[in-house]
**Student:** 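One structure, as structure tokens, below. Some questions next.
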Amino acid sequence: MTKSRAYPSDLSDARWALIELALSAWRAERRRYALNIGRPPEHDLREIMNAILYVDRTGVQWRYLPHDFPPWETVYGYFAKWQKDGVFAQLTGVLRRLLRQKEGRGAEPSACVIDAQSVKTSTSVPAAGQGTDAAKKIVGRKRSIVTDTLGLLLAVLVTGAGVQDSVAGTDLIDQVAAAHPTIRKVWVDGGYRHHLIEHAAALGIDMEIVQRTPGTRGFTPLSKRWTVERTYGWLMFHRRLARDYETLPARSEAMIQLAMTDLMARRLSGEATISWRDPTPRDQTPIPG
């Protein structure tokens with residue numbers, strides 16, 4: 001169904017052109033093995049992606065999707081299939097390489113940054129999938145991410161909040177070493193144990209722990225690590241990530257990959273990311289008094 005008015009989260013023609021090929025290739029591959037191969041697809045892939053972006057951007061529940069989108073059951077079904085088939089990870093990789101080249105960098109990074117963020121969860125998250133971050137006094141889940149020095153996502157791992165940073169970091173280092181063999185340097189904060197340095201070294205990666213200056217109070221950007229903190233700020237433009245609402249950790253990872261896909265597509269197309277913190281629109285004059 002065609003909407004009479006686009007939502008701010010909808011894909012522009014320029015952003016759709018960046019991801020259309022990957023989604024069309026996925027559909028073609030699925031149809032190769034479908035029993036009803038002669039039946040044309042009922043729903044437009046662009047509308048499906050618009051609906052998923054709407055959920056990620058606004059934080060609305062799947063069942064509360066506006067009626068001018070395809071049925072929520074269909075939209076969620078596509079989201080689940082794309083997550084399982086690695087489509088969101090694929091899109092993140094394609095757009096990251098394009099954006100790095102646009103910024104005058106090589107397609108593959110040589111250095112990265114690891115950090116973790118603990119967030120509260122909703123009632124839809126099973127207790128077995130949660131944990132307690134004693135340091136931050138948060139019951140919920142932990143998002144551990146790896147970014148390049150531009151702050152673009154390389155890998156993500158969602159666990160219970162009680163999982164130690166070094167445990168999640170070990171898994172992430174293994175992922176990065178396998179997927180990005182050009183990586184030779186990684187920066188982490190003081191929450192990561194020194195034994196992780198040895199593990200990284202065995203993979204040919206030099207890990208450096210960036211410590212806070214003694215006596216520093218409050219938030220202070222740390223050299224080499226501020227880019228990953230900025231990435232978390234970028235991700236928070238997507239209200240679905242304000243908490244963890246996903247039953248499965250893999251679906252939480254997909255939501256993060258989707259948010260990064262949206263952000264990178266906007267940067268590649270030169271479109272601004274709309275924020276609810278934006279000031280009064282220029283064409284709207286405030287009422288005096």
**Student:** Do the non-hydrogen side-chain atoms of His43 and Pro71 ever get within less than 4.5 Å of each other?
**Tutor:**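 Yes, at least one pair of side-chain atoms sits under 4.5 Å.
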
**Student:** Group every Ile, Leu, Val, Met, Phe, Trp and Tyr by side-chain heavy-atom contacts under 4.5 Å, then state whether Val55 and Phe69 land in the same group.
**Tutor:** yes

**Student:** Compare all side-chain heavy atoms of Lys142 with those of Asp165 and state whether any distance is below 4.5 angstrom.
**Tutor:** yes

**Student:** To the nearest 0.5 angstrom, please state how far the CG atom of Asp44 sits from the CE atom of Met49.
**Tutor:** 11.5 Å

**Student:** When hydrophobic residues are tied together by side-chain contacts of less than 4.5 Å, even through go-betweens, does Leu95 share a cluster with Leu99?
**Tutor:** yes

**Student:** Are side-chain N/O atoms of His199 and Asp174 paired as donor and acceptor at under 3.5 Å?
**Tutor:**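 Yes, because at least one side-chain N or O of His199 sits under 3.5 Å from a partner of the opposite role on Asp174.
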
**Student:** Taking the side chain from Ser122 and the backbone from Ser124, do they hold a donor-acceptor pair closer than 3.5 Å?
**Tutor:** yes

**Student:** Where do Gln83 and Val87 land on the side-chain contact (heavy atoms from CB on, under 4.5 Å) test, with the steps shown first?
**Tutor:** CA-CA 6 Å; Gln83 174 268 310; Val87 172; over 6 Å; no

**Student:** With a 4.0 Å cut-off, would you call Asp85 and Arg30 a salt bridge?
**Tutor:**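 Yes, this pair counts.
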
**Student:** Answer yes or no: does atom CD of Gln61 have more than 12 heavy-atom neighbours from other residues, nucleotides or ligands under 6.0 Å?
**Tutor:**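 Open: at most 12 neighbouring heavy atoms sit under 6.0 Å from CD of Gln61.
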
**Student:** With rounding to the nearest 0.5 angstrom, report the CZ to CD distance, Arg15 to Glu20.
**Tutor:** 14.0 Å

**Student:** Under 3.5 Å, side chain of Ser166 to main-chain N/O of Gly169, donor-acceptor pair present?
**Tutor:** no

**Student:** Would you say Lys120 has more than 12 foreign heavy atoms packed within less than 6.0 Å of its NZ?
**Tutor:** no

**Student:** For residues Pro70 and Ile48, report the shortest heavy-atom separation together with the two atoms involved.
**Tutor:**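 Pro70 and Ile48 have their closest heavy atoms at CG-CD1, 3.9 Å.
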
**Student:** Closer than 3.5 angstrom, by distance alone: can the side chain of Gln130 be matched with the main-chain N or O of Val125 as a donor-acceptor pair?
**Tutor:**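 Yes: the side chain of Gln130 pairs with the backbone of Val125.
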
**Student:** Quick check: do Leu153 and Gln257 have side-chain heavy atoms less than 4.5 Å from each other?
**Tutor:** yes

**Student:** Backbone N or O of Val158 within a donor-acceptor pair of the Glu253 side chain at under 3.5 Å?
**Tutor:** yes

**Student:** Determine the minimum heavy-atom distance between Ala155 and Leu172, stating which atoms define it.
**Tutor:** CB-CD2, 4.0 Å

**Student:** How are the rings of Trp82 and Trp26 set relative to one another: parallel (under 30°), tilted (30 to 60°) or perpendicular (over 60°)?
**Tutor:**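 Ring orientation of Trp82 relative to Trp26: perpendicular.
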
**Student:** If you count every heavy atom of other residues, nucleotides or ligands that lies below 6.0 Å from Lys102 atom NZ, does the total exceed 12?
**Tutor:**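 Check passes, neighbour count above 12.
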
**Student:** Between Thr149 and Trp187, is a side-chain contact (heavy atoms from CB on, under 4.5 Å) present by the stated rule, with each step listed?
**Tutor:** CA-CA 10 Å; Thr149 55; Trp187 290 279; 4.0 Å; yes

**Student:** Does a donor on one side chain and an acceptor on the other come within less than 3.5 Å for Arg243 and Thr121?
**Tutor:**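 Thr121 and Arg243 do not have a side-chain donor-acceptor pair below 3.5 Å.
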
**Student:** How long is the straight-line distance from CG of Leu11 back to CD of Glu271, given to the nearest 0.5 Å?
**Tutor:** 9.0 Å

**Student:** Could you check whether Arg143 and Ser118, counting side-chain N and O atoms only, form a donor-acceptor pair closer than 3.5 Å?
**Tutor:**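 Note: Ser118 and Arg143 side chains miss the donor-acceptor criterion.
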
**Student:** Centroid separation under 6.0 Å, is that true for the rings of Trp72 and Tyr64?
**Tutor:** no

**Student:** Going hydrophobic residue to hydrophobic residue with side-chain gaps under 4.5 angstrom, can you get from Ile145 over to Ile205?
**Tutor:**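 Each belongs to a different hydrophobic cluster.
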
**Student:** Identify the residue among Ile197, Ile114, Val113 that makes a side-chain contact (heavy atoms from CB on, under 4.5 Å) with Val188.
**Tutor:**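 Looking at Ile197, Ile114, Val113, the match for Val188 under the side-chain contact (heavy atoms from CB on, under 4.5 Å) is Ile114.
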
**Student:** For Arg266 and Asp262, what are the C-alpha separation, side-chain angles and deciding distance, and is it a salt bridge (charged side-chain N to carboxylate O under 4.0 Å, His left out)?
**Tutor:** CA-CA 6 Å; Arg266 287 181 182 275; Asp262 183 35; 3.4 Å; yes

**Student:** Within the distance-only criterion (no hydrogens, no angle test), does the side chain of Thr182 pair as donor or acceptor with the backbone N or O of Pro109 below 3.5 angstrom?
**Tutor:** yes

**Student:** Less than 4.5 Å apart, any side-chain heavy atom of Met264 and any of Leu91?
**Tutor:** no

**Student:** Between Leu157 and Thr159, does a side-chain contact (heavy atoms from CB on, under 4.5 Å) hold up when you go through it step by step?
**Tutor:** CA-CA 7 Å; Leu157 179 66; Thr159 63; 3.9 Å; yes

**Student:** So how far is it from Trp16 CH2 to Asp10 CG, rounded to the nearest 0.5 Å?
**Tutor:** 12.0 Å

**Student:** Just verifying a value: how many Å separate Glu29 CD and Ser24 OG, rounded to the nearest 0.5 Å?
**Tutor:** 13.0 Å

**Student:** Say you draw a straight line from OG1 of Thr170 to CD of Gln175; how long is it, rounded to the nearest 0.5 Å?
**Tutor:**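 One finds 11.5 Å between OG1 of Thr170 and CD of Gln175.
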
**Student:** Looking at Val94, Leu98, Thr261, which hits side-chain contact (heavy atoms from CB on, under 4.5 Å) with Leu18?
**Tutor:**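 The option that passes is Leu98.
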
**Student:** Side chain of Asp148, backbone of Leu152: donor and acceptor closer than 3.5 Å?
**Tutor:** yes

**Student:** Determine, for Arg267 against Glu103, whether the closest basic-nitrogen to carboxylate-oxygen distance falls under 4.0 angstrom.
**Tutor:**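 Looking at Glu103 together with Arg267, the answer is yes, because their closest N to O distance falls below 4.0 Å.
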
**Student:** Between Asp206 and Arg184, does any NZ, NE, NH1 or NH2 come within less than 4.0 Å of an OD or OE carboxylate oxygen?
**Tutor:**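 No, this pair does not count.
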
**Student:** Are Phe88 and Leu248 connected, step by step, through hydrophobic side chains (Ile, Leu, Val, Met, Phe, Trp, Tyr) whose heavy atoms are closer than 4.5 Å?
**Tutor:** no

**Student:** Do Leu154 and Thr147 come close enough that some side-chain heavy atom pair is under 4.5 Å?
**Tutor:**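 They are not in side-chain contact.
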
**Student:** With side chains defined as the heavy atoms from C-beta onward, is the minimum distance between Tyr232 and Leu241 less than 4.5 Å?
**Tutor:**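 Side-chain contact under 4.5 Å: no.
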
**Student:** Contact between Leu235 and His238 at the side-chain level, heavy atoms closer than 4.5 Å - yes or no?
**Tutor:** no

**Student:** Which is it for Arg46 and Asp13 under the salt bridge (charged side-chain N to carboxylate O under 4.0 Å, His left out) test, yes or no, and what are the steps along the way?
**Tutor:** CA-CA 10 Å; Arg46 183 169 177 173; Asp13 291 343; 2.8 Å; yes

**Student:** Measure the shortest side-chain to side-chain distance between Arg240 and Glu246 over non-hydrogen atoms and say whether it is less than 4.5 angstrom.
**Tutor:**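 Sidechains of Glu246 and Arg240: in contact.
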
**Student:** Taking atom types as modelled, find out whether Tyr7 and Asp68 have a side-chain donor-acceptor pair closer than 3.5 angstrom.
**Tutor:**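 Looking only at side-chain atoms, Asp68 and Tyr7 do form a donor-acceptor pair, the distance falling under 3.5 Å.
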
**Student:** Does the side chain of Tyr78 pick up a donor-acceptor pair with the side chain of Arg27 at under 3.5 Å?
**Tutor:** yes

**Student:** Sub-3.5 Å donor-acceptor pair from the side chain of Asp56 to the main-chain atoms of Ala259, do we have one?
**Tutor:**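 Between the backbone of Ala259 and the side chain of Asp56 there is a qualifying donor-acceptor contact (under 3.5 Å).
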
**Student:** Given the rule that I, L, V, M, F, W and Y join up when any side-chain heavy atoms are under 4.5 Å apart, are Tyr245 and Ile138 in one cluster?
**Tutor:** no

**Student:** Shortest non-hydrogen contact from Leu65 to Ala51?
**Tutor:** CD2-O, 3.7 Å

**Student:** Report the C-alpha distance between Ile173 and Val186 in whole Å, list the side-chain angles of each, state the deciding distance to 0.1 Å, and finish with yes or no for side-chain contact (heavy atoms from CB on, under 4.5 Å).
**Tutor:** CA-CA 9 Å; Ile173 284 290; Val186 58; 4.2 Å; yes

**Student:** Search all heavy atoms of Gly131 against all heavy atoms of Ala161 and return the closest pair with its distance.
**Tutor:**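 Scanning both residues completely, I find the closest heavy atoms to be O-CB, 3.5 Å.
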
